[in-house]
Structures are given as C-alpha cells and as structure tokens.
Amino acid sequence: MEKTWRWFGKNDKITLTMLRQIGVEGIVTALHDVPNGEIWTLEAINDLKEYIESYGLRWSVVESLPVCEAIKYGGPERDALIENYKVSLANLGKAGVKTVCYNFMPVLDWARTELDHPWADGSTSLYFNRVKFVYFDCYILCRPGAEDDYTAEELAAAAEMHKTITDEERRALVDTIIVKTQGFVNGNISERDADPVSRFRELLALYDGIDRNTLRDNMRYFLSAVMPVCEEYGVNMCVHPDDPPCQLLGLPRIVTCDEDIAWFLDAVDNPHNGLTFCCGSLSAGIQNDVPALARKYASRTHFVHLRSTDVLPNGDFIEADHLKGRANLIEVVRIFERENPGLPMRVDHGRTMLGDEDKGYNAGYSFHGRMMGLAQMDGVMAVVRDELLQS
C-alpha cells in the first residue's frame, strides 16, 4: 500500500519536509482555500501539485472535494453545483490527480464529544460520549422530537448532567461538536460564526422532510451525473462512510453498514464509483465486521483509512491503538495487500502525545500520534508482504 498523509496545505504546521523524513510517499489534501461549490481551476490544482512534487512526493488523493448540502438535500441550485463539481473533477483528471474522496453525510462531517480524552499513559485522543451527545441534542440544540431518539436511561443520564454542567462545559461541548470537528475541513461551521448553534439549527432545517430514501435518491442522482466525467478522465470517486455509522440528530445517514455500501455501489454500478474504506468509522458501528467488509468490497475500494476504535457497552467509542480495537487492522492490511495491492492508505486520528498538545494541530491530526500509527502500519505491511511472497 502507498503510505500517504493528510496534509492541510502550505499553512499546515506539519510540513512536507517533515513528512519526507518519516517515510510518507503520497499526500492527501485539497484546495482548502476554495469555497464549497466553486470550481477548482486547473491552474490552482497544478500549482499545488507541483509544490508537492518539488518535495519528492505526489498528490495521491483529494480529500475532499466537498459535496455541497444543496446537492445532498436536492435544493434548486443542485444542478448548477453539480456542473461545477464536474468541471473540478475534469480539471483534477487533466492534472493527473485521479482519486477523489468525498462524503454524503448531511451537515456533520464527523462527530465527537471530546477532543482530548485522557489515556492512562498521559496521551489523549478523540472520544464519543453518548450521554454528552444526548445532552447536546436535548438541552443545547433543543431539537424538536429529540427525546424520541433516545432510551429512558440515556435521557435520565442527560437530565442528571444538566444539574451539574457548567457554562464553560456547555461552550466546550458546542465547540467540539459543531466547530472544532467541522471548520478545518471546508465545513459548514467556522470559528468565525458568532452563534454556531443557531447556524447549526439552520443547517438541520434544510433537511426537514428529507428521509433515508430521498437522500439515497439524491446520492444516485449526483453519482449518475458525475460518472461520465470520471470515465472520460479516469478519476475514481470513493465515498467515506458515515462517522459514526449511525443515525444522529434526526438526519438520515446512508453509508453505515454492509447493506448501505452494497446499495450505493449497485445504484450506480461503475468501477469509478467506489469506497473509501475507513476502518475507524466502520468499526465504530457494532453492526460491522470490518475484515469481512474489506474482503467483500476490496475490488471497489480506492482508498483506505487505517485506524481502529473500541466500542464500550454503553455506546461510547474511543480511538484505539492502531494494533488493537475492533477494526483488526492487521487482517485488513492482509486482505487489501492480497486483493487490491497498491492502494493509497493513510493512518488517521492519532493520539496527541509527546508535545503535540502545544502545536495547534487540527483535532485528531497530531504529528507524533499519527507518526506512531504510520510506523506500526508500516511494520504490519512489511510482514504481510513477506507472508505473500512466501505463500
């Protein structure tokens, strides 16, 4: 597998010089300065591509070319936005950047309730506390009908939290769920928003009346429109699974499990319509057997995220060590090296450790934590390649 790294452009505190020294081969990035829905020009693409290549690296994967909300919910501007998307795809293909990761998650790109949950060894990682999320939904967002989505036990625990939570803790929860995890990835919310909760409610309202079947229809419409461009320029589209792979905030989620993956691959049955196999997102759903899914969908996978999670009995989940957790990354690597060798992979959501906490890195994208994960996976890949040579 090609060892890649998610890099946030020329202003990223983690430089390409640093990445070369730790064995990175390819870069996963995007034109983060281009607003969602606008065209990525060939000139801008080539400028970034040449900059990356000047460091002896290659631009392996686009993550992400964002799909605007109006495409997802089917707004009146949908067709115009899809036309812009097609032009951007064509320009990427002309420049030789052939793999595009995207997602079809309404509003939330990913969800966590803690960005620095402590481990026993002093490092920290991302964490999803279900009761905190219930509290956010019912007491901060005050979403109509939210109580119907949770158990009596979860609601009681959130009510207890309401008795003791401080204003600062409430602000931190808002910052984590709808600012920090969204703003740095061309998200809908930014740190410049004066009232992120009100803005978030506006975004949720766009999906009033949009159910699972409607969102599926809109995904099929989008993919059907862009596939001819992908065929012409040899570009592979690969959707990222929902993170976490469950229903949130009354929004439909349609890339959560085996049935969902089979549906979107069959809905637009084209080899350029594929999957970003995010082991972490998939492992956060107890319904998912990650190695079994890797085996089943290896031929339609264009990009792999190697990370793992542990899911607790109460529904919480935490980022696991890359050699542990539900994802079984050793077996996943074995499957992809055998069934679809050469795929770009990147480690994801490393722990914050060894001074990372003072560097101002994006949430979940520490340097030392990801470097440790990359080293672990590099060792796994070396052993697997040796296994295959001897088999």
Side-chain angles (χ1 to χ4, degrees), residues 69-70 72-75 103-114 126-165 167 169-179 181-182 187-189 195-219 241-261 263-264 281-288 309 311-318:
E69 297 298 329
K72 297 174 188 175
Y73 64 76
N103 75 68
F104 221 78
M105 290 178 261
V107 183
L108 277 175
D109 194 68
W110 52 293
R112 298 293 187 277
T113 59
E114 298 172 45
L126 305 178
Y127 190 90
F128 184 90
N129 181 302
R130 187 161 175 83
V131 171
K132 285 187 176 181
F133 196 84
V134 174
Y135 179 85
F136 166 79
D137 195 6
C138 296
Y139 290 89
I140 296 177
L141 191 60
C142 301
R143 179 173 62 90
E147 292 80 4
D148 296 337
D149 291 346
Y150 305 112
T151 67
E153 291 78 9
E154 289 168 340
L155 293 171
E160 283 299 310
M161 182 180 293
H162 188 56
K163 295 176 182 178
T164 59
I165 193 169
D167 288 343
E169 288 169 335
R170 284 170 61 96
R171 283 192 292 270
L173 199 54
V174 169
D175 191 53
T176 296
I177 294 175
I178 60 175
V179 180
T181 57
Q182 308 302 314
N188 297 306
I189 305 285
D195 187 354
V197 174
S198 293
R199 173 64 180 144
F200 196 68
R201 291 191 185 110
E202 292 171 1
L203 291 165
L204 291 178
L206 296 172
Y207 287 87
D208 287 348
I210 305 296
D211 62 12
R212 176 179 173 82
N213 289 332
T214 303
L215 189 62
R216 277 184 163 185
D217 287 343
N218 292 344
M219 185 179 188
D242 298 337
D243 184 11
C246 60
Q247 307 309 302
L248 295 177
L249 304 174
L251 296 166
R253 310 268 275 185
I254 59 172
V255 191
T256 66
C257 61
D258 186 7
E259 177 194 348
D260 288 348
I261 296 169
W263 178 85
F264 86 79
S281 296
L282 291 168
S283 67
I286 58 172
Q287 72 274 19
N288 293 323
T309 65
V311 180
L312 308 183
N314 63 358
D316 292 3
F317 66 87
I318 188 171

For this session: Walk me through it: do F264 and R216 pass the test side chain to side chain contact (heavy atoms under 4.5 Å, CB included)?
Result: CA-CA 8 Å; F264 86 79; R216 277 184 163 185; over 6 Å; no
Problem set entry | Approximate separation, where rounding is to 0.5 Å, of L126 CG and T309 OG1 | 11.5 Å
Problem set entry | By ring-ring contact (aromatic ring centres under 6.0 Å, His included) - contacts of F317 (at least two apart) | F128
For this session: For P196 and V179, work out which heavy atoms get closest and say how close.
Result: CB-CG2, 3.9 Å
Seminar exercise, completed: Across all chains, not counting sequence neighbours, the side chain to side chain donor-acceptor pair (under 3.5 Å) partners of E169 are T166
For this session: Test T113 against F136 for side chain to side chain contact (heavy atoms under 4.5 Å, CB included), laying out the working first.
Result: CA-CA 9 Å; T113 59; F136 166 79; over 6 Å; no
For this session: Under the salt bridge (charged side-chain N to carboxylate O under 4.0 Å, His left out) rule, collect the residues that match up with R170, sequence neighbours excluded.
Result: none
Seminar exercise, completed: side chain to side chain donor-acceptor pair (under 3.5 Å) pairs touching residues 245-256, sequence neighbours excluded, are T256-D260
Problem set entry | Residue pair I178, V174: steps toward the side chain to side chain contact (heavy atoms under 4.5 Å, CB included) verdict | CA-CA 6 Å; I178 60 175; V174 169; 3.8 Å; yes
For this session: Verify the neighbour count for atom CG of L312: are there more than 12 heavy atoms of other residues, nucleotides or ligands below 6.0 Å?
Result: yes
For this session: Using salt bridge (charged side-chain N to carboxylate O under 4.0 Å, His left out) as the criterion, list what pairs up with D149, not counting sequence neighbours.
Result: R143
Problem set entry | Under 3.5 Å: donor-acceptor pair, side chain of D137, backbone of L249 | no
For this session: Go through the structure and list residues passing salt bridge (charged side-chain N to carboxylate O under 4.0 Å, His left out) with E153, not counting sequence neighbours.
Result: none
For this session: Could I get the full list of side chain to side chain contact (heavy atoms under 4.5 Å, CB included) partners for D258, not counting sequence neighbours?
Result: L293, K296, Y297
Problem set entry | Contacts of D243 that satisfy side chain to side chain donor-acceptor pair (under 3.5 Å) - sequence neighbours left out | R112, R307
For this session: Please identify each residue that fulfils ring-ring contact (aromatic ring centres under 6.0 Å, His included) with Y73, with sequence neighbours left out.
Result: Y207
Exercise. Between the side chains of T214 and D217, does any donor sit under 3.5 Å from an acceptor?
Worked result: no
Seminar exercise, completed: Applying side chain to side chain donor-acceptor pair (under 3.5 Å) to T164 and not counting sequence neighbours gives none
Exercise. Taking only residues two or more places apart in sequence or in another chain, which ones pass salt bridge (charged side-chain N to carboxylate O under 4.0 Å, His left out) with E147?
Worked result: none
Problem set entry | Where D242 and I254 come nearest, the two heavy atoms and their spacing | OD2-N, 3.0 Å
Exercise. Can you name the residues that form a side chain to side chain contact (heavy atoms under 4.5 Å, CB included) with V131, not counting sequence neighbours?
Worked result: N129, A157, M161
Problem set entry | Value rounded to 0.5 Å, distance of CD1 in I210 from NZ in K72 | 13.0 Å
Exercise. D195 and R199: side chain to side chain contact (heavy atoms under 4.5 Å, CB included), yes or no, with the steps?
Worked result: CA-CA 6 Å; D195 187 354; R199 173 64 180 144; over 6 Å; no
